[in-house]
Amino acid sequence: MSDTQVTRAVVIGCGHYLPENIVPNSAFTKTLDTSDEWIISRSGIERRHFAAKDENTSHLATHAARAALADAGIEAETLDAILVATSTPDLTFPSVATMVQAEIGAFSAYAFDVQAVCAGFVYALANANALILSGQARRVLVIGAETFSRIMDWTDRGTCVLFGDGAGALILEAQQGTGTVADRGILSTDLNADGRQRDVLFVDGGVSSTGTAGQLRMQGKEVFRHAVEKLASTAETALQKAGLGPEQIDWIVPHQANIRIIQGTAKKLGLSMDQVIVTVQDHGNTSAASIPLALSVGAQQGKLKRGDLIVTEAIGGGLAWGAVVLRW
Ligand code: UT7
């Protein structure tokens, strides 16, 4: 054991929120040429939650933030920073993060959004870690929150059956570690992007182009191909950076886009599905919210235990992808 003292960003609380309205696959068969069987067999999705008309991303994020604060047993005034990963903000500006800050009364915290689509939470977590390691914050609230139901083309069966709404939150705190992989907290991160792949997954509108919010467009097969290849590779790179191997992982908490991608990545890493937190059947793809939702559900179910080694990984529009290795 090293006696070096190093700062680690340690998870001290988590929480999530899902809108009340649960929509089963059967809801789509009335208007689209699709079936419960197709959706389950191709994606693993059985149901998803959709936000109510008057419920925006900041509302979902605020509920998740309050749950995480309660779980950590801390007051909002003790937060130094709030990062919200989202691609579906309430407004073009101000950020969702500042809206959450006002709602929870975290007036000592600076606040901003991170936009890396489905990889948004991994990006936000890695950047929150960097803020903590560089001494710019001691306590950071990191949220993933989305209302992808607002950017669906309801006539496109290849996309609208896949996505859902929700939010999850973690609170990270600077704590002293020994500098070894036995430390709790974030042990390594790996972030990547390839902007040449912008056409495989994008929204066809925006402030400075169409002046509209636009709708999601996806070449599903292409994204699938990239996902299977890049997710295992970023997880392996992050593990290598920490000086760890896949055999040391207790849990993978992957982005929840498709059960077949989740199974493929687990297999490439040599892990059994018993070591994977899976929520895609209940939540669908909630983009940046999917990982914190899965972490919070996994913790509530008593699966994730203090000291467990967790790898999170995600890929989304950009393309942007990455992984974070942390000890719970
Ligand atoms: O979170 C960001 C990252 N996103 C992802 O990771 C999503 C990645 N992609 C996927 O998950 C999968 O590619 C999908 C679930 C989107 C599609 O599964 P697939 O096995 O790749 O199907 P496909 O797109 O190749 O479509 C197969 C067939 C097509 O019909 P034809 O051309 O073979 O006649 C589609 O038109 O299935 C058809 N299809 C559907 N059929 C019934 C597409 N969507 C549906 C549907 N219901 N909802």
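Atoms within a ligand are numbered from 1 in the order they appear, just like the ligands themselves.
I39 and I261 fall within the same hydrophobic cluster, defined by Ile, Leu, Val, Met, Phe, Trp and Tyr side-chain heavy atoms under 4.5 Å apart, directly or through other members.
At a 4.0 Å heavy-atom cut-off, ligand 1 touches C118 through the side chain alone. Heavy atoms from both the backbone and the side chain of F224 come within less than 4.0 Å of ligand 1. In L32, neither the side chain nor the backbone holds a heavy atom less than 4.0 Å from any atom of ligand 1. Under 4.0 Å from ligand 1, the heavy atoms of N285 that appear belong solely to its side chain. Residue contacts with ligand 1, taken as heavy atom pairs separated by less than 4.0 Å, involve D33 solely via the backbone atoms N, CA, C and O.
Between V96 and A61 the shortest heavy-atom distance is CG1-CB, 4.2 Å.
For the residue pair R139 and T78, a side-chain donor N or O sits within less than 3.5 Å of a side-chain acceptor on the partner. Under 3.5 Å, the side chains of T147 and D165 contain no donor-acceptor pair of N or O atoms. Under the 3.5 Å distance criterion, with hydrogens and angles disregarded, a donor-acceptor pair is assigned to the side chains of D153 and T155. Defined by atom type and a distance below 3.5 Å, a donor-acceptor pair is missing between the side-chain atoms of D282 and T279. Using modelled atom types, one finds a donor on one side chain and an acceptor on the other under 3.5 Å when comparing R48 with N25. Side-chain contact check for N129 and N127: no donor-acceptor pair (N or O, by modelled atom type) lies under 3.5 Å. Side chains of N258 and S43: no donor on one and acceptor on the other come within 3.5 Å.
At a 3.5 angstrom cut-off on N or O pairs, S43 does not count as close to ligand 1. Between S35 and ligand 1, no pair of N/O atoms sits closer than 3.5 Å. Looking at A257 next to ligand 1, no N or O pair under 3.5 Å apart turns up.
Taking the six-membered ring for Trp and thresholds of 30 and 60 degrees, F50 and W154 have ring planes more than 60 degrees apart, a perpendicular arrangement. Relative orientation of the H283 and H49 rings is perpendicular, given thresholds of 30° and 60° on the angle between their planes.
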Exercise for the section: Could you go through the salt bridge (Lys or Arg N to Asp or Glu O under 4.0 Å) check for R157 and D33 one step at a time? Expected result: CA-CA 7 Å; R157 67 178 182 170; D33 180 14; 3.6 Å; yes
Exercise for the section: Please assess R327 against D308 for the test side chain to side chain contact (heavy atoms under 4.5 Å, CB included), listing each intermediate value before the final yes or no. Expected result: CA-CA 5 Å; R327 197 173 290 287; D308 281 355; over 6 Å; no
Practice task
Let me see the working for L141 and I104 under side chain to side chain contact (heavy atoms under 4.5 Å, CB included), right down to the final yes or no.
Solution key: CA-CA 11 Å; L141 171 61; I104 63 174; 3.8 Å; yes
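The option from E37, K221, Q219 that lies nearest to atom 23 (P) of ligand 1, judged by heavy atoms, is K221. Checking V228, L231, V223, V161 against atom 3 (C) of ligand 1, the nearest heavy atom belongs to V223.
In this structure, the protein non-hydrogen atom closest to atom 16 (C) of ligand 1 is L162 CD1, 3.6 Å. In terms of protein heavy atoms, atom 20 (O) of ligand 1 is closest to R42 NH2, 2.7 Å. The closest protein non-hydrogen atom to atom 8 (C) of ligand 1 is G220 O, 3.6 Å. Annotation: atom 47 (N) of ligand 1 to nearest protein heavy atom, T34 OG1, 2.6 Å. Atom 19 (P) of ligand 1 has R260 NH2, 3.7 Å as its closest protein atom, hydrogens excluded (heavy atom only). Remark: minimum distance from atom 36 (O) of ligand 1 to any protein heavy atom is reached at R157 NH2, 3.0 Å. For atom 26 (O) of ligand 1, the closest non-hydrogen atom on the protein side is W38 CZ2, 4.3 Å. Nearest to atom 6 (O) of ligand 1 among the protein's heavy atoms is I261 CD1, 3.3 Å.
Among the candidates D183, V6, T7, the single residue satisfying the side chain to side chain contact (heavy atoms under 4.5 Å, CB included) test with Q176 is T7.
Close contacts of ligand 1 with I315, meaning ligand atoms under 4.0 Å from a residue heavy atom, involve 2 (C), 3 (C). Taking a cut-off of under 4.0 Å to the non-hydrogen atoms of G158, the atoms of ligand 1 that pass are 44 (N). Set against the non-hydrogen atoms of N258, the atoms of ligand 1 under 4.0 Å away are 10 (C), 11 (O), 12 (C), 15 (C). Taking every heavy atom of H255 and a limit of under 4.0 angstrom, the matching atoms of ligand 1 come to 1 (O), 2 (C).
Of the protein's heavy atoms, none falls inside 4.0 Å of atom 29 (C) of ligand 1. Atom 11 (O) of ligand 1 is approached by the protein to below 4.0 angstrom, counting heavy atoms only.
The closest approach between a heavy atom of L201 and any atom of ligand 1 is below 4.0 Å.
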